[in-house]
Q: 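Below is one structure. I have some questions about it.
No experiment lies behind these values; they were computed from the predicted model shown.
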Amino acid sequence: MTLPNPWAKVVSTVGLGVTFLVVIAIQAVALAQTWGAASWVPGAAASVMVCGLALMRHRERTWTAVAGLGVAALAVLVPLLPGTRLPAGLGPSLALGLAVLVGSAVRVLPTVRAGIIAGAGLLLVIAQFTARPATAVSAIAAAAWLAACGVGLSLRRLDDRATATAKRVRRAERLELARELHDIVAHHITGMLIQAQAAQVVARRDPQNVSDSLTEIETAGIEAMAAMRRVVGLLRDTDDAAPASPGREGLNTLVERFSHQGPTVRLHTPDDDTEWPPEVTSTVYRIVQEALTNVLRHASHARSVDVTVGRDAEAVTVEVADDAPPHSVRPHHRGGYGLIGMRERVETLGGTLCVGPRPGAGWSVRATLPVPTAEPG
């Protein structure tokens with residue numbers, strides 16, 4: 001799964017607007033030829049209003065649909081007034097704009113509200129058939145309503161399924177993080193126990209230097225509390241076993257294993273031996289693992305992959321970049337739930353994750369993970 005592309009919404013809105021204009025123009029020409037020169041004006045005006053509301057549906061789906069239904073109702077009722085000679089109300093362009101509004105409401109709005117809007121649309125279609133039965137215009141309006149409800153319900157089902165899957169992935173990732181809480185606590189407490197034992201030895205030999213050992217124990221305790229606060233809110237199933245958290249050295253084994261299965265993987269890590277918090281270390285490992293897995297699945301034409309891990313005073317940065325050709329297929333909605341897990345893990349630690357194509361060719365996954373400093377509290 002990837003973040004919505006704002007340009008895709010712009011392009012779809014422009015395309016829909018062009019479609020509306022073309023249909024309105026065709027309808028106006030047909031009405032002018034059949035009903036007279038001025039007969040197309042009321043229908044075109046109503047169509048422009050409804051189609052305009054359809055283009056603005058993303059801002060307020062309920063009220064745009066209600067307003068569109070109101071305009072459509074007037075378009076159906078006004079031609080029925082005595083002495084009025086106007087074409088049938090729900091013309092093709094008006095029916096198209098109304099279908100977009102109804103379909104959008106059925107897809108997104110709560111069930112009751114969506115049902116009311118769909119029912120109101122059905123009443124308009126019935127009113128159109130009652131006023132002018134057995135016409136092509138009425139058939140088009142009915143077909144547009146059916147298509148709107150069908151497409152809206154199908155997309156609603158797909159959205160619900162995607163949301164449920166995303167929730168399962170997030171929960172699984174949180175449980176995985178919660179299991180690592182065991183390793184984090186064990187890491188820090190083991191260090192504190194060693195320092196406490198050393199302090200006892202120092203107390204017997206040189207009591208005046210015990211304060212230094214106690215300061216180190218206090219610092220280790222502060223670091224342990226800071227690390228635990230970052231994951232203590234996550235829930236954990238009590239029956240789950242706590243797996244060993246892979247250390248920095250595990251990246252070498254991971255890279256070697258993937259190099260045997262796919263393109264050559266080059267690993268670049270800091271030269272210093274500075275230790276990172278356990279939750280940061282395990283997150284770096286998981287990001288590299290997931291990114292390399294995605295390369296194997298979706299970038300089979302890649303020749304090489306660079307895994308770069310950097311560290312500065314405030315954060316650890318990890319980037320996995322491949323050199324797959326620009327035409328390589330990258331599914332945006334299928335098989336993309338690993339990105340949800342990565343993002344959940346990174347954001348839990350207060351970091352950022354950027355995923356997308358590289359300039360020219362290839363794909364990049366880049367995460368920045370802040371390294372906490374010990375703070376009293």
Q: Could you grab the distance from atom OG1 of T269 to atom CG of N252, nearest 0.5 Å is fine?
A: 6.5 Å

Q: Measuring from I140:CD1 to L94:CG, what's the distance to the nearest 0.5 Å?
A: 12.0 Å

Q: So T264 and V305, do their side chains get closer than 4.5 Å, heavy atoms only?
A: no

Q: Taking salt bridge (charged side-chain N to carboxylate O under 4.0 Å, His left out) as the test, write out the residues that go with R358, two or more places apart.
A: none

Q: Apart from L16 itself, what residues make up its hydrophobic cluster, given side-chain heavy atom links below 4.5 Å?
A: F20, V23, L55, L96, V100

Q: List the steps, then state whether side chain to side chain contact (heavy atoms under 4.5 Å, CB included) holds for V295 with F258.
A: CA-CA 10 Å; V295 171; F258 274 90; over 6 Å; no

Q: Sequence neighbours left out, what passes side chain to side chain contact (heavy atoms under 4.5 Å, CB included) with V106? Give chain and number order.
A: V102, A118, L153

Q: Counting C-beta onward and ignoring hydrogens, is there a side-chain heavy-atom pair between W145 and L98 closer than 4.5 Å?
A: no

Q: Counting distance only, does the side-chain N/O of R157 pair as donor-acceptor with the main-chain N or O of S154 below 3.5 Å?
A: no

Q: Within the side chain of R343, is there an N or O that forms a donor-acceptor pair under 3.5 Å with the backbone of L353?
A: yes

Q: Checking the side chain of S104 only, and the main-chain atoms of L101 only, is there a donor and an acceptor separated by less than 3.5 Å?
A: no

Q: Give a yes or no answer on whether the side chain of D306 reaches the backbone of A321 with a donor-acceptor pair at less than 3.5 Å.
A: no

Q: Using modelled atom types and a 3.5 Å cut-off, is there a donor and acceptor pairing between side-chain atoms of Q128 and backbone atoms of S138?
A: no

Q: How long is the straight-line distance from CG of L53 back to CD of E60, given to the nearest 0.5 Å?
A: 11.5 Å

Q: Checking the side chain of D323 only, and the main-chain atoms of G362 only, is there a donor and an acceptor separated by less than 3.5 Å?
A: no

